[in-house]
Amino acid sequence: MPREFADALADAAPRLGPFARQVHYFSTVGSTNDVAAKLAADGAEDGTVVFADAQSAGRGRRGRTWFSPPDAGLYVSTILRPGRARDAGRARMLTTLAAGVAIAEGIGEANGLHADVKWPNDLFVGRRKLAGILAEGVADAVVLGYGINVGQAAYPPELSERVTSIETELGRPADRACVLAETLAALSARHGDLLSGRFDAILDAWRARAPMAQGARVSWTTPAGVQTGMTAGIDDQGALLVRVDERTERIVAGEVTWL
């Protein structure tokens, strides 16, 4: 592991809890989630971390490619075991929302940059995507992967108008090691909320960072065809609420397009 990352994790150790006790670093890897999934299947402990300087097969939701150039971002996966929670079912349902809050908090702590969250798994600054989250179940564990655009990079044309980075927003260099340590520290705190049943704290923090969760026009596909409506927040299970005429639809999964 590069010295700057080892030092940052050591400095943050009192705030990391179970996170980063076991850290697996790669200069390049196919997908950190794939490595973490294998470790989870082999019984790796809660809080195990996998991170890489680059991914050759990084992915987001629904198998989309996550652009992962060398040294320009953070590509991280952690192993969580929400089955230990007081309310394991609800903890599992809220894992992605808790992670979004934590990663936004960690970025803010590291750099002072405010990021909004967008249901279910993205972080934005304005209308440009800064980070994404991918949670995948493996046996009794959840592999939580996240990618953060830290440095400026030559993004493919189809992405260049839709993404941003910490350095682009700040107009100055950002310390990737500090961002890693602070996002893991924030994840540790929010994972503690999940395990202890402090779900209201997670939901309140998410709602405070989600301006598009109220009053934004969205569409999604149902067996009956494409539906459109206006967002009306999230419920206590983390489902997106959408007003369609005089009724409220509850979306728990699937592809939502923000119009």
Side-chain angles (χ1 to χ4, degrees), residues 16-26 29-52 55 57-64 66 68 74-106 117-123 131-148 180 183-203 205-206 234-240 251-255:
L16 294 178
F19 284 73
R21 288 177 187 162
Q22 295 290 327
V23 180
H24 301 262
Y25 164 78
F26 299 86
V29 71
S31 162
T32 58
N33 260 35
D34 288 345
V35 175
K38 185 176 186 309
L39 292 170
D42 290 341
E45 64 183 87
D46 193 37
T48 296
V49 173
V50 178
F51 79 100
Q55 296 182 114
R59 65 181 184 276
R61 291 180 73 233
R62 298 183 173 270
R64 293 190 179 98
W66 182 269
S68 311
L74 278 178
Y75 317 114
V76 187
S77 296
T78 63
I79 296 171
L80 310 178
R81 297 195 180 274
R84 302 189 297 113
R86 288 165 137 187
D87 184 341
R90 196 171 176 201
R92 188 178 287 268
M93 283 188 288
L94 294 179
T95 292
T96 298
L97 297 190
V101 170
I103 293 164
E105 290 171 336
V117 295
K118 190 176 83 170
W119 191 92
N121 67 332
D122 292 329
L123 274 67
I133 298 164
L134 177 65
E136 299 178 306
V138 179
D140 64 341
V142 174
V143 172
L144 181 83
Y146 63 96
I148 303 172
L180 175 66
T183 53
L184 289 176
L187 275 170
S188 179
R190 291 301 180 181
H191 186 46
D193 288 342
L194 286 173
L195 296 182
S196 300
R198 294 189 291 270
F199 303 124
D200 286 347
I202 294 167
L203 291 165
W206 192 93
I234 58 171
D235 66 14
D236 287 348
Q237 305 299 317
L240 181 67
I251 303 174
V252 297
E255 189 71 11

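Positions are given from 1, in the same order as the sequence printed here.
The ring pair (Phe, Tyr, Trp, His ring centres under 6.0 Å) search around Tyr146 returns none, not counting sequence neighbours. Partners of Asp193 according to the salt bridge (charged side-chain N to carboxylate O under 4.0 Å, His left out) rule, which considers only residues two or more places apart in sequence or in another chain, are Arg190, Arg198. Under the side chain to side chain contact (heavy atoms under 4.5 Å, CB included) criterion, Asp235 pairs with Gln237, Ala239, Leu241, Arg250, not counting sequence neighbours. Thr96 is linked by a side chain to side chain donor-acceptor pair (under 3.5 Å) to nothing, counting only residues two or more places apart in sequence or in another chain. Applying the side chain to side chain contact (heavy atoms under 4.5 Å, CB included) criterion to Ala91, with sequence neighbours excluded, gives Pro82, Ala85, Leu194, Phe199.
Shown here for Asp122 and Gly132, the closest heavy-atom pair between the two residues is OD1-CA, 3.9 Å. Contact between Ile79 and Ala141 at its shortest, heavy atoms only, is CG2-CB, 4.2 Å. Of all heavy-atom pairs spanning Val138 and Ala40, the tightest one is CG1-CB, 4.2 Å. Of all heavy-atom pairs between Gln55 and Gly30, the closest is CB-O, 3.5 Å. Looking at every heavy atom in both residues, Ala36 comes nearest to Val143 through CB-CG1, 3.7 Å. Annotation for Gly197 and Arg86: closest pair N-CD, 4.3 Å, computed over non-hydrogen atoms.
Glu136 CD to Ser77 OG: the interatomic distance, rounded to the nearest 0.5 Å, is 8.0 Å. Taking CD1 of Ile133 as the start and CG of Leu123 as the end, the distance is 5.5 Å to the nearest 0.5 Å. With values rounded to the nearest 0.5 angstrom, Leu144 atom CG is found 6.5 Å from Leu187 atom CG.
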Applying ring-ring contact (aromatic ring centres under 6.0 Å, His included) to Phe51 and Tyr75, what does each step give before you reach the verdict?
CA-CA 6 Å; Phe51 79 100; Tyr75 317 114; 9.9 Å; no
Asp34 vs Lys38, salt bridge (Lys or Arg N to Asp or Glu O under 4.0 Å): CA-CA, chis, key distance, verdict:
CA-CA 6 Å; Asp34 288 345; Lys38 185 176 186 309; over 6 Å; no
Full working for side chain to side chain contact (heavy atoms under 4.5 Å, CB included) between Ile234 and Leu97
CA-CA 10 Å; Ile234 58 171; Leu97 297 190; 3.8 Å; yes
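Residues His24 and Leu39 are in side-chain contact: their nearest non-hydrogen atoms beyond the backbone lie under 4.5 Å apart. At a threshold of 4.5 Å between non-hydrogen side-chain atoms, the residues Asp236 and Leu203 count as touching. Looking at heavy atoms from C-beta onward, Arg84 lies in side-chain contact with Asp46 at the 4.5 angstrom threshold. Residues Thr48 and Thr78 form no side-chain contact, since every pair of their non-hydrogen atoms from C-beta on lies 4.5 Å or further apart. Side-chain contact between Val76 and Val50 is absent, with no heavy-atom pair separated by less than 4.5 Å. At least one side-chain heavy atom of His191 sits under 4.5 Å from a side-chain heavy atom of Phe19. Considering only heavy atoms from C-beta on, Gln22 stays 4.5 Å or farther from Val49 through its side chain.
Between the side chain of Ser196 and the backbone N or O of Gly192 there is at least one donor-acceptor pair closer than 3.5 Å. In this structure, the side chain of Trp119 engages the main chain of Gly238 through a donor-acceptor pair within 3.5 Å.
Partner of Leu74 under the side chain to side chain contact (heavy atoms under 4.5 Å, CB included) criterion, out of Leu180, Thr32, Ile103: Leu180 alone.
The salt bridge (charged side-chain N to carboxylate O under 4.0 Å, His left out) pairs that include a residue from residues 92-101 number zero, where partners must be two or more places apart or lie in different chains.
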